[in-house]
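Notes for the one structure printed next.
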Amino acid sequence: MAAECWQRRRNVAGASVKELDDKCDTRNNSFFQHWTYATLLPITTRATAGLLTALVHRHLGSVVKGFALVLGLVFSALLQFVLEGVDLSVGQLVGTALVLFSSWLHFKG
């Protein structure tokens, strides 16, 4: 509900606050009203991932960036298989094998 109120406020930029519904009274309802510590987990995770991605882009070459991106996708697929039990398709398994083999060839020499 709080997000809906903020959306309305943004849409009626010229209207005074008194013209909005009583539901959107920020004295009683704030934007963060329904947030818990569990809400901060995905926010913190994504912020950390963004910082790590920025470090990779800053310090490594373009080829290594490509390998990092693809290996990250492979890692995500494997974690999804292990944690959620989602079966990987034949195409995903072949793609994973090719990525791992090409990474090994590249870094071998």
Side-chain angles (χ1 to χ4, degrees):
M1 169 157 59
E4 177 184 299
C5 295
W6 287 100
Q7 179 70 29
R8 277 194 231 156
R9 284 223 168 96
R10 194 178 66 180
N11 289 340
V12 264
S16 69
V17 177
K18 291 182 182 180
E19 293 176 14
L20 297 173
D21 295 334
D22 289 336
K23 290 187 228 178
C24 293
D25 184 14
T26 53
R27 290 172 291 179
N28 298 329
N29 299 321
S30 72
F31 181 75
F32 302 105
Q33 178 182 0
H34 298 287
W35 284 40
T36 64
Y37 288 111
T39 309
L40 296 176
L41 183 64
I43 293 170
T44 306
T45 303
R46 289 195 178 217
T48 304
L51 291 173
L52 291 174
T53 302
L55 287 173
V56 167
H57 283 271
R58 182 174 182 183
H59 295 291
L60 299 177
S62 61
V63 174
V64 178
K65 289 179 203 176
F67 280 113
L69 172 70
V70 174
L71 287 173
L73 292 173
V74 167
F75 184 65
S76 296
L78 293 176
L79 275 177
Q80 186 176 5
F81 171 72
V82 170
L83 297 176
E84 297 178 7
V86 175
D87 291 333
L88 298 175
S89 68
V90 174
Q92 288 173 317
L93 292 173
V94 170
T96 300
L98 288 173
V99 165
L100 294 174
F101 181 67
S102 64
S103 299
W104 177 74
L105 284 176
H106 176 75
F107 291 111
K108 181 181 172 191

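Residues take their numbers from the sequence shown, with the count starting at 1.
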Tyr37: partners by ring pair (Phe, Tyr, Trp, His ring centres under 6.0 Å), with sequence neighbours left out: none
By side chain to side chain contact (heavy atoms under 4.5 Å, CB included), Thr44 pairs with (sequence neighbours left out) Leu40, Thr48
Just distance, no hydrogens or angles: give the donor-acceptor pairs under 3.5 Å from side chains in residues 94-109, sequence neighbours left out.
unit_1	atom_1	unit_2	atom_2	d
Thr96	OG1	Gln92	O	2.7
Ser102	OG	Leu98	O	3.1
Ser102	OG	Val99	O	3.0
Ser103	OG	Val99	O	2.8

Please list, one pair per line, the donor and acceptor atoms closer than 3.5 Å that link side chains of residues 70-83 to other protein atoms, with sequence neighbours excluded.
unit_1	atom_1	unit_2	atom_2	d
Ser76	OG	Gly72	O	3.0

Apart from Val86 itself, members of its ILVMFWY cluster (side-chain separation under 4.5 Å) are none
With clusters built from Ile, Leu, Val, Met, Phe, Trp and Tyr whose side-chain heavy atoms come within less than 4.5 Å, directly or transitively, what are the remaining members of the cluster of Leu41, listed by chain and number? none
